[in-house]
2 protein chains.
Amino acid sequence: MKLDTIDYAILEALQKDGRLANANLAEKVGLSASACSRRLDALEKNGVIRGYYARVSNKELGHDMTAIVNISLSGQFQKTLSEFETAVKRCPNIVVCYLMSGEYDYTLRVVAKDLADYERIHRDWLTALPHVAKINSSFALREVIDRPNVGIDAGLAKKC
Amino acid sequence: MKLDTIDYAILEALQKDGRLANANLAEKVGLSASACSRRLDALEKNGVIRGYYARVSNKELGHDMTAIVNISLSGQFQKTLSEFETAVKRCPNIVVCYLMSGEYDYTLRVVAKDLADYERIHRDWLTALPHVAKINSSFALREVIDRPNVGIDAGLAKKC
DNA sequence: AAACGCACGCAATGTCCTTGCGAAATTGGG
DNA sequence: CCCAATTTCGCAAGGACATTGCGTGCGTTT
C-alpha cells in the first residue's frame with residue numbers, strides 16, 4: 001500500500017494513543033472526520049495497522065520480573081524447530097520469541113511474578129520444551145525503554 | 001488497586017482489542033454500559049491500563065529487520081548509566097532496552113529497514129552511545145511470538 | 001479537451017459515551 | 001446479628017461521535 005504524509009501522521013498519532021477518537025484524529029492531521037475515517041479504514045484493511053491493544057501494567061498485575069532467556073536446541077531440523085515453537089507458543093509467560101542467528105537458536109522474553117514464580121516457569125515450561133540443549137537466563141534489573149513500535153520518523157531522525 | 005474478576009475480564013478483552021467499544025465491552029463482561037465505563041475509567045486513572053496503542057506493521061513501513069544488541073559499559077557508576085540511558089532513549093530505532101544482570105549490562109532490541117540501514121544505525125547511534133565498552137549484535141531470523149502483554153491468565157494456565 | 005478515477009467536505013442518521021440519580025449490594029462497627 | 005455508611009449497580013437523557021451517501025474539485029489518462 002502506498003502511504004503519504006497524512007497516513008504517516010495518522011499512524012504516528014495512533015501509535016501514541018490507540019483510542020484517539022476519529023474526530024480528534026481528523027483535526028490533528030488536518031482532515032475532515034469522514035476523510036479520516038475512510039483513510040483509517042484503508043490502513044486497517046490493508047494490514048498497515050495490525051490491531052489495537054491496551055497496555056496493561058505488569059506491575060499492577062503482580063508481574064514484576066522480566067527475564068531474557070537464550071536457548072540452543074539439539075538440532076536444526078525443520079521438525080525440531082517447529083515442535084519447539086509450538087510448545088513455546090503455549091506458555092502465556094513467554095511474551096517474545098525470536099529465532100536467532102548467532103550463539104543461541106532462540107531468544108525469549110519471559111515475564112514472571114517473582115523469583116519463585118520464575119522458578120516454577122523454568123521448571124514446568126522452559127525445561128519441558130522439546131529438544132532444548134542449553135538454557136541461559138538473565139534477569140532484567142530495570143526497564144529503560146519499551147516502545148510498542150519503531151517510531152514512524154525512524155528514517156528521518158537526526159543522529160545523536 | 002484491588003481488582004476483581006470483572007476487572008480482569010475487561011483487561012483481557014482490551015489487551016486483545018484496544019478499540020473495543022464500551023458498549024460491546026460491557027456486554028462481554030456482563031455489565032451495563034455505564035458501570036463498565038466507570039470501571040474502565042478507574043483502571044486508567046489508577047495506572048492499571050497504561051495506555052492504548054495501534055500496532056503498525058513494521059513490514060509495511062519497510063522495517064523488516066530486528067536485531068538484539070548486548071552492550072557492556074566501561075563502568076557501573078550511576079552517572080555512566082544515566083548518560084547512556086538518556087542517549088539510548090533518543091534513538092527511534094531502539095524499541096526495547098533493559099538494564100540486565102549477567103554478562104552484559106544492557107540488552108536492546110533494534111529495528112532496521114535492512115542491513116544497510118542497520119549498518120547506519122550501528123555507526124551513527126550504537127557506537128556513538130557514551131561509555132560503551134563492548135557491543136554484540138545478533139539478528140532475528142524470524143519472529144515466533146510477539147505478544148503485547150503477558151496473558152491475564154498467566155498464573156492460572158496449565159503446564160504443557 | 002473531455003472523460004475517468006480518486007479523494008475530499010458536507011450533511012444526516014444511527015450508534016455510542018457520559019453523567020445524574022435512585023436502588024441494591026457489600027462492608028465494617030457496634 | 002443488625003444497622004449504617006460506602007460502594008457499585010442499572011436506567012435514562014443529553015450530548016458527542018462514527019458512518020454513509022452524495023455532490024464537487026482536482027489530477028491523470030486517452
Side-chain angles (χ1 to χ4, degrees), chain A residues 1-63 148-149 151-153 155-156, chain B residues 1-63 148-149 151-153 155-156:
Chain A
M1 184 185 179
K2 222 176 136 249
L3 303 176
D4 64 11
T5 312
I6 297 180
D7 291 317
Y8 283 117
I10 291 174
L11 293 175
E12 190 165 17
L14 288 176
Q15 275 193 1
K16 289 178 188 155
D17 179 6
R19 283 213 132 186
L20 193 61
N22 182 67
N24 299 344
L25 179 61
E27 189 187 12
K28 186 169 287 199
V29 303
L31 279 183
S32 72
S34 59
C36 187
S37 175
R38 276 185 274 253
R39 270 178 187 261
L40 187 51
D41 205 49
L43 290 170
E44 290 169 359
K45 285 207 167 67
N46 287 292
V48 181
I49 294 178
R50 289 166 60 195
Y52 301 89
Y53 300 91
R55 201 144 211 266
V56 177
S57 161
N58 281 337
K59 195 171 277 183
E60 284 287 337
L61 291 179
H63 285 103
N149 280 107
I152 298 293
D153 57 347
L156 319 164
Chain B
M1 184 187 180
K2 221 174 138 252
L3 305 176
D4 64 12
T5 313
I6 297 180
D7 291 317
Y8 283 117
I10 291 174
L11 293 175
E12 190 164 19
L14 288 176
Q15 274 193 1
K16 290 178 187 157
D17 179 5
R19 284 215 130 184
L20 191 61
N22 180 68
N24 299 342
L25 179 61
E27 189 187 13
K28 186 169 286 197
V29 305
L31 279 182
S32 72
S34 59
C36 188
S37 174
R38 275 185 274 250
R39 271 178 186 261
L40 187 51
D41 205 48
L43 289 170
E44 290 169 357
K45 285 206 167 67
N46 287 294
V48 181
I49 295 178
R50 288 165 57 197
Y52 303 88
Y53 64 94
R55 193 147 214 259
V56 177
S57 162
N58 281 338
K59 196 171 277 184
E60 283 286 337
L61 292 179
H63 285 102
N149 279 108
I152 297 294
D153 58 346
L156 319 163

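Nothing here was measured: the structure is a model prediction, and the numbers come from that model. Letters go in sequence order (proteins before strands), and every chain restarts at 1.
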Nucleotide-resolved protein contact map, nucleotides 9-24 of chain D, B/S/- at heavy-atom distance under 4.0 Å
SBB------SSBB---
Could you give the distance from CG (A:Leu14) to OH (B:Tyr52), rounded to the nearest 0.5 Å?
14.0 Å
List for me each residue that meets salt bridge (Lys or Arg N to Asp or Glu O under 4.0 Å) alongside B:Lys2, sequence neighbours excluded, and say none if there are none.
none
Is the shortest side-chain heavy-atom distance between B:Leu43 and B:Leu3 below 4.5 Å?
yes
Who pairs with A:Asn46 by side chain to side chain donor-acceptor pair (under 3.5 Å), at least two apart in sequence or on another chain?
none
Protein-nucleotide distance (B:Ile10, atom CD1; D:dT8, atom P), rounded to Å
12 Å
To the nearest Å, give me how far apart CG (B:Leu40) and P (D:dT8) are.
15 Å
Enumerate the residue pairs fulfilling side chain to side chain donor-acceptor pair (under 3.5 Å) with a member in residues 9-33 of chain B, sequence neighbours excluded, ordered by first and then second residue.
B:Ser32-B:Ser34
Please find the pair of heavy atoms, one from A:Glu60 and one from B:Met1, that lie closest to each other, and give the distance.
OE1-N, 3.8 Å
Short N/O separations, protein against nucleotides 23-25 of chain C, under 3.5 angstrom:
none

Nearest 0.5 Å, what's the CG-CD1 distance between A:Asp7 and A:Ile49?
9.0 Å
Going through the checks in order, is the side-chain contact (heavy atoms from CB on, under 4.5 Å) test met by A:Leu25 and A:Leu31?
CA-CA 8 Å; A:Leu25 179 61; A:Leu31 279 183; over 6 Å; no
Please tell me if the side chains of A:Pro148 and B:Arg55 come closer than 4.5 Å, counting only heavy atoms from C-beta onward.
no
Does B:Asn149 form a side-chain contact (heavy atoms from CB on, under 4.5 Å) with A:Tyr53? I'd like the steps, not just the answer.
CA-CA 9 Å; B:Asn149 279 108; A:Tyr53 300 91; 5.6 Å; no
Closest contact, heavy atoms only, B:Gly47 versus A:Ser57:
O-CB, 3.3 Å
Atom NZ of A:Lys2 and atom P of C:dC6 are separated, to the nearest Å, by 13 Å
D:dT8 P sits how many Å from B:Met1 CE, rounded?
8 Å
If an axis is fit to five pairs at each end of the helix from C:dA1-D:dT30 to C:dG30-D:dC1, what is the angle between the two, to the nearest 10°?
40°
Rounded to whole angstroms, how far apart are CG on A:Asp41 and C1' on C:dC8?
16 Å
